[in-house]
Structures are given as structure tokens and as C-alpha cells.
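What follows is a short report on a single structure.
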Amino acid sequence: MPAPEVDLSSAELETLSALWERGASTVREVQQSLADRGRSLAYTTVQTFLNRLEQKGYVGCDCET
């Protein structure tokens, strides 16, 4: 049986990996976790990755809009 296709970029996978390690986190916490791994990204870039992951159904948001 073939593995299911994953529609995630490497940056999205790295962001998701940071969340798996940390658990529920803020954008700033994910940004810091990625920086600790040597991946320095702007806050808005991390926010975009998290928004995309939410749209794709991989993560949820516990935020007030």
C-alpha cells in the first residue's frame, strides 16, 4: 500500500515538527523554536506557515478573532 501524499512544504513540515515537540504554542514560541534549530524566520512568515497548516487541517487555533 503506497504512503499517502503529503501536501506540505519542507518549511511547513519543520514548523509542524516544532509544534510536535513543544505542544500548544504561540507564533512567537514557534519562531523561537525554529531559530533554536538554526532556521531564523520573521514572525509573519511563521504566522503564514501556521495559517496554511490550519487551512490544510494539520493544526488548530485557540485564538480569539
Worksheet item: How many angstroms lie between CZ in R52 and CG in L8, if you round to the nearest 0.5 Å?
Response: 11.0 Å
Worksheet entry | Inter-residue atom distance T26.OG1 - D62.CG, 0.5 Å rounding | 12.0 Å
Item to complete: List the atom of S25, the atom of E29, and the distance in Å for their closest heavy-atom pair.
Response: CA-OE1, 3.1 Å
Discussion item. Do N51 and Q47 pair up side chain to side chain, a donor and an acceptor below 3.5 Å, judged on atom types alone?
Written reply: no
Discussion item. If I take atom CG from residue L16 and atom OH from residue Y58, how far apart are they, to the nearest 0.5 angstrom?
Written reply: 8.5 Å
Worksheet item: Would you call E14 and R37 a salt bridge, taking side-chain N to carboxylate O under 4.0 Å as the test?
Response: no
Worksheet item: Do F49 and L41 have side-chain heavy atoms sitting under 4.5 Å apart?
Response: yes
Worksheet item: Which pair of heavy atoms, one from A11 and one from R39, lies closest together, and at what distance?
Response: CB-NH2, 3.3 Å
Worksheet item: Backbone N or O of L13 within a donor-acceptor pair of the S17 side chain at under 3.5 Å?
Response: no
Worksheet item: In terms of side-chain heavy atoms, does R28 have a donor or acceptor partner in Q31 at a distance below 3.5 Å?
Response: yes
Worksheet item: Any side-chain heavy atom of L50 within less than 4.5 Å of one from L19?
Response: yes
